[in-house]
Amino acid sequence: MKVQLHELVLQAVHVLQSDATLPADLAVPDFVIERARSRDHGDFACNVAMLLARSARAKPRELAEKLVAALPANSLVEKVEIAGPGFINFFLAADAYHAEVRRILEQGEAYGRNTSGAGKTVGVEFVSANPTGPLHVGHGRNAVIGDCLSRLFAATGWNVKREFYYNDAGVQIANLAISVQARARGITPDDSNWPENGYRGDYIADVARAYLDRASVVADGETVVATGDVDDIDAIRHFAVASLRHEQDLDLQAFGVTFDTYFLESSLYTDGKVEETVRELVAHGHTYEEGGALWLRSTDFGDDKDRVMRKSDGTYTYFVPDVAYHLSKWQRGYQSAVTVLGSDHHGSLARVKAGLQALDCGIPKGWPDYMLYQMVTVMRGGEEVKISKRAGSYVTLRDLIDEVGRDATRYFLIARKSDSQLVFDVDLARSQSNDNPVYYIQYAHAR
RNA sequence: GCGCCCGUAGCUCAGCUGGAUAGAGUACCGCCCUCCGAAGGCGAUGGUCGUGGGUUCGAAUCCCGCCGGGCGCACCA
């Protein structure tokens with residue numbers, strides 16, 4: 001409807017240009033057709049006369065009158081009024097509404113969709129939680145943002161690849177393994193010989209128990225059987241990662257979120273992608289050695305300081321596999337890529353983009369896009385629920401889904417714009433949720 | 001100190017590519033519904049849009065300063 005009205009107004013402007021009421025070389029400003037706030041102002045309002053007034057050296061209201069007179073005949077509009085400082089208000093004919101209703105009924109699910117993204121592939125990376133614990137409310141916000149974004153892309157014809165990237169090696173996973181190992185040996189977080197950076201949550205004990213019971217777990221298409229050998233740290237790590245990935249999968253499934261690809265950071269090493277990335281960066285002359293470390297001259301690409309790629313101990317900093325990962329997205333043909341990321345990671349954006357530019361392989365400057373979101377706090381009973389990752393106590397996504405229902409949780413996490421901090425009021429969400437378990441109990445009693 | 005984000009009703013937040021009386025939920029207050037959903041329906045109250053300047057016919061919206069809050073500024077991930 002707006003598009004059609006926009007076209008009508010544009011034609012009126014052209015008419016005035018052709019009869020010299022308006023200068024022929026006039027740049028037509030970006031005017032808007034918008035839904036009128038008040039019924040008195042009709043159905044749609046247009047501000048073009050006020051925007052044209054200055055360059056046309058005319059009074060907005062007079063211009064508006066001339067524009068209205070020049071409007072092409074059409075069946076959409078029943079009445080046009082000029083109001084206020086020069087708004088053109090359109091009152092639509094009932095037929096216009098009827099036609100739209102018919103379109104909605106005819107097109108059903110397809111209504112409102114378009115094909116503007118046809119033939120293009122977008123990679124949407126979201127959640128990307130490391131398998132070191134259950135998903136929490138922050139991951140929930142990430143998940144629903146990424147899911148909605150993906151659906152929007154799909155609705156506009158894009159080929160959407162939903163991707164979950166996770167670290168299955170590295171320091172944090174080593175900590176996970178020794179935590180499970182400690183639990184399997186009967187050590188608890190309060191003991192003096194509990195590992196210094198160990199994960200303290202109760203779920204670690206659950207994993208340890210399952211490991212000792214020689215349980216099997218399926219994650220990312222692989223079945224892992226626990227050996228029960230407390231001294232085999234590799235086996236423990238493998239089992240622990242699979243266990244937590246499995247738990248996360250269950251949570252995501254309960255949340256209605258799916259992925260096409262689970263991308264393992266370790267594959268970047270085994271496939272030689274990390275080495276390839278470093279080699280390319282060195283080959284293009286954007287690196288230098290200093291203090292026994294290999295540096296990327298990322299300041300050449302908009303970063304505020306140069307970054308270490310390879311530490312003096314020979315290992316890579318995390319940002320190298322990050323660059324390698326994004327390179328892999330590019331090579332997989334993602335013309336567009338979006339990463340949904342907590343704003344506490346926004347500092348890493350500049351260096352990853354710098355790294356990609358330094359590869360000189362044709363990646364556009366702004367690629368990839370990021371969707372940052374702010375922190376979530378949870379209120380329950382009028383008080384903020386304190387979280388302590390150290391102690392392993394925090395509000396999990398599963399808690400919220402069980403307590404207020406899937407859709408209400410999704411709604412409250414997406415209802416706020418992502419760059420506002422969000423307060424999730426559990427009681428409010430419960431009271432407004434159709435899935436509210438208390439409601440069903442009451443309803444059952446009432447019957 | 002530097003960078004990013006936020007500051008709108010008691011509370012949680014929309015509105016911010018400038019437009020005509022700044023909206024919603026919630027809380028509080030009033031009214032309705034008294035056998036099948038009173039965790040409902042209707043209505044009222046409530047705002048110097050953090051603050052000071054600037055641009056403009058017109059600023060919550062754009063620009064600059066200041067104040068307040070969050071996050072980030074590693075040879076950690």
Side-chain angles (χ1 to χ4, degrees), chain A residues 29-32 34-42 45-51 53-54 58-61 81-89 128-130 132 138 165-176 197 265 289-296 302-322 341-351 370 372-379 382 384 411-412 414-434 436-447:
Chain A
D30 260 340
F31 62 92
V32 292
E34 57 184 3
R35 193 82 228 194
R37 278 191 217 151
S38 157
R39 286 299 282 175
D40 300 342
H41 300 144
C46 180
N47 65 345
V48 68
M50 289 175 292
L51 293 175
R54 195 174 325 164
K59 289 181 184 160
R61 285 197 68 114
E81 281 181 358
I82 294 156
F87 288 100
I88 300 174
N89 292 335
S128 293
N130 281 343
T132 56
Y165 173 75
Y166 70 92
N167 184 347
D168 58 325
V171 178
Q172 292 181 18
I173 300 300
N175 279 332
L176 171 72
N197 294 315
E265 184 187 2
E289 300 228 14
E290 191 182 293
L294 180 67
W295 295 71
L296 175 71
D303 201 359
D304 52 0
K305 57 178 91 162
D306 290 343
R307 304 292 169 177
V308 171
M309 296 167 60
R310 191 171 58 225
K311 295 179 268 181
S312 46
D313 68 4
T315 63
Y316 293 109
T317 55
Y318 77 97
F319 116 90
V320 179
D322 256 16
L341 207 57
S343 64
D344 53 338
H345 290 96
H346 87 268
S348 66
L349 273 45
R351 72 191 74 162
Y370 287 91
L372 297 175
Y373 62 91
Q374 296 281 333
M375 239 174 54
V376 182
T377 52
V378 176
M379 298 279 283
E384 183 179 337
Y411 172 75
F412 276 90
I414 199 70
R416 303 298 175 221
K417 74 176 170 211
S418 70
D419 47 14
S420 284
Q421 287 180 25
L422 184 147
V423 176
F424 193 104
D425 186 329
V426 173
D427 304 302
L428 179 64
R430 278 169 70 112
S431 72
Q432 296 191 351
S433 169
N434 288 334
N436 183 352
V438 177
Y439 152 72
Y440 283 115
I441 294 163
Q442 271 203 342
Y443 186 47
H445 280 306
R447 284 168 72 96

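Hydrogens, waters and symmetry mates play no part in the numbers below; they use all other heavy atoms, side chains included. Each chain gets a letter, A, B and so on, in the order the sequences are listed, and its residues count up from 1. Predicted model, so just to flag it, every value in this text is computed and none were measured.
- At a threshold of 4.0 angstrom between heavy atoms, the contacts of A/Asp419 are confined to the sugar-phosphate backbone, with no base atom among them.
- Applying side-chain contact (heavy atoms from CB on, under 4.5 Å) to A/Val423 and the options A/Glu384, A/Met375, A/Arg416, A/Met379 leaves one that passes, A/Met379.
- The side chain of A/Gln421 sits closest to B/G70 out of B/A77, B/G70, B/C73.
- Note on A/Asp313: nothing from the nucleic acid sits closer than 4.0 angstrom, heavy atoms only.
- Summarising the base pairing, B/A24 is matched to B/U12 through a Watson-Crick or G-U wobble pair whose two defining distances lie under 3.5 Å.
- Protein atom OH of A/Tyr316 is 18 Å distant from nucleotide atom C1' of B/C76, rounded to whole Å.
- The base of B/G72 is not paired with the side chain of A/His345 by any donor and acceptor separated by under 3.5 Å.
- Contacts of A/Gly292 with the nucleic acid, taken as non-hydrogen atoms under 4.0 Å apart, are absent.
- Picking from B/A77, B/G72, B/C75 the nucleotide with the shortest atom distance to the side chain of A/Asn167 gives B/A77.
- A/Asn175 comes within contact range of no nucleotide atom at all, as no heavy-atom separation falls under 4.0 Å.
- A/Ser128 places a side-chain N or O within donor-acceptor distance of the main-chain N or O of A/Tyr165, the cut-off being under 3.5 Å.
- Computed from coordinates, the A/Arg416 CZ to B/G70 C1' distance equals 17 Å when rounded to whole Å.
- Contact check, A/Lys417 against B/C5: no side-chain N or O comes under 4.0 Å of OP1 or OP2.
- For B/G3, the paired base is B/C71 (Watson-Crick or G-U wobble, both distances below 3.5 Å).
- Contact annotation: the side chain of A/Thr377 never approaches that of A/Gln421 to less than 4.5 Å [non-hydrogen atoms, C-beta and beyond].
- Counting non-hydrogen atoms under 4.0 angstrom, A/Leu422 reaches the backbone sugars and phosphates but no base.
- Summarising the geometry, the separation between CD on A/Gln374 and C1' on B/G72 is reported as 11 Å, rounded to the nearest angstrom.
- Distance check on atom P: B/G25 versus B/G52 gives 31 Å, rounded to whole Å.
- Distance A/Asn47 CG to B/U56 C1': 15 Å, rounded to the nearest Å.
- Base pairing analysis places B/G40 opposite B/C32; the two distances defining the Watson-Crick or G-U wobble pair are each below 3.5 Å.
- The partner of B/C57, taking Watson-Crick or G-U wobble pairs whose two distances both stay under 3.5 Å, is B/G19.
- To the nearest whole angstrom, the two C1' atoms, one in B/C28 and one in B/A20, are 32 Å apart.
- Checked against B/U12, B/A77, B/C71, the side chain of A/Val423 finds its nearest nucleotide in B/U12.
- Among the heavy atoms of the strands, none lies under 4.0 Å from A/Glu289.
- Distance check on atom C1': B/G47 versus B/U12 gives 16 Å, rounded to whole Å.
- Contact annotation: A/Lys311 side-chain N/O to B/A77 OP1/OP2 distance is under 4.0 Å.
- As rounded to the nearest Å, B/U21 and B/C31 have P atoms that lie 34 Å from one another.
- Looking at heavy atoms from C-beta onward, A/Thr317 lies in side-chain contact with A/Lys311 at the 4.5 angstrom threshold.
- Spacing of C1' atoms, B/U8 relative to B/A59, comes out at 14 Å, to the nearest Å.
- Side-chain contact between A/Leu296 and A/Phe319: present, with at least one pair of heavy atoms (C-beta onward) separated by less than 4.5 Å.
- Nucleotides B/G70 and B/C42, compared at atom P, are 40 Å apart to the nearest Å.
- If A/Asn89 and A/Leu372 are placed on RNA chain B by their nearest nucleotide, the residue sitting closer to the 5' end is A/Leu372.
- Taking atom P on both nucleotides, B/A9 is separated from B/G15 by 15 Å, rounded to a whole Å.
- In this entry the distance linking CE of A/Met375 with C1' of B/G70 reads 7 Å, nearest Å.
- Contact of the A/Val378 side chain with the A/Val426 side chain is registered, since non-hydrogen atoms from C-beta on lie closer than 4.5 Å.
- Of the candidate nucleotides B/C75, B/A20, B/C73, B/A20 has the atom lying nearest to any side-chain atom of A/Ala45.
- At the phosphate of B/A14, OP1 or OP2 sits under 4.0 Å from a side-chain N or O atom of A/Ser420.
- Rounded to whole Å, the distance from CE on A/Met379 to C1' on B/C13 is 14 Å.
- Toward the 5′ end of RNA chain B lies the nearest nucleotide of A/Cys46, the other residue of the pair A/Cys46 and A/Asp306 mapping further downstream.
- The NZ-P distance, from A/Lys305 to B/G72, rounds to 14 Å in whole Å.
- With both ends at atom P, the span from B/U26 to B/A22 equals 22 Å, rounded to whole Å.
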Item to check | side-chain hydrogen bond (donor to acceptor under 3.5 Å, both in side chains) between A/Asn130 and A/Thr132, worked out | outcome: CA-CA 6 Å; A/Asn130 281 343; A/Thr132 56; 5.9 Å; no
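- Base pairing annotation: B/G65 forms a Watson-Crick or G-U wobble pair with B/U51, both donor-acceptor distances under 3.5 Å.
- In this structure, A/Arg351 and A/Lys305 have side chains that are not in contact, with every pair of non-hydrogen atoms separated by 4.5 Å or more.
- Checking B/C73, B/C75, B/A77 against the side-chain heavy atoms of A/Val308 singles out B/C75 as nearest.
- Between the CD atom of A/Glu265 and the C1' atom of B/C76 there is a distance of 13 Å, rounded to whole Å.
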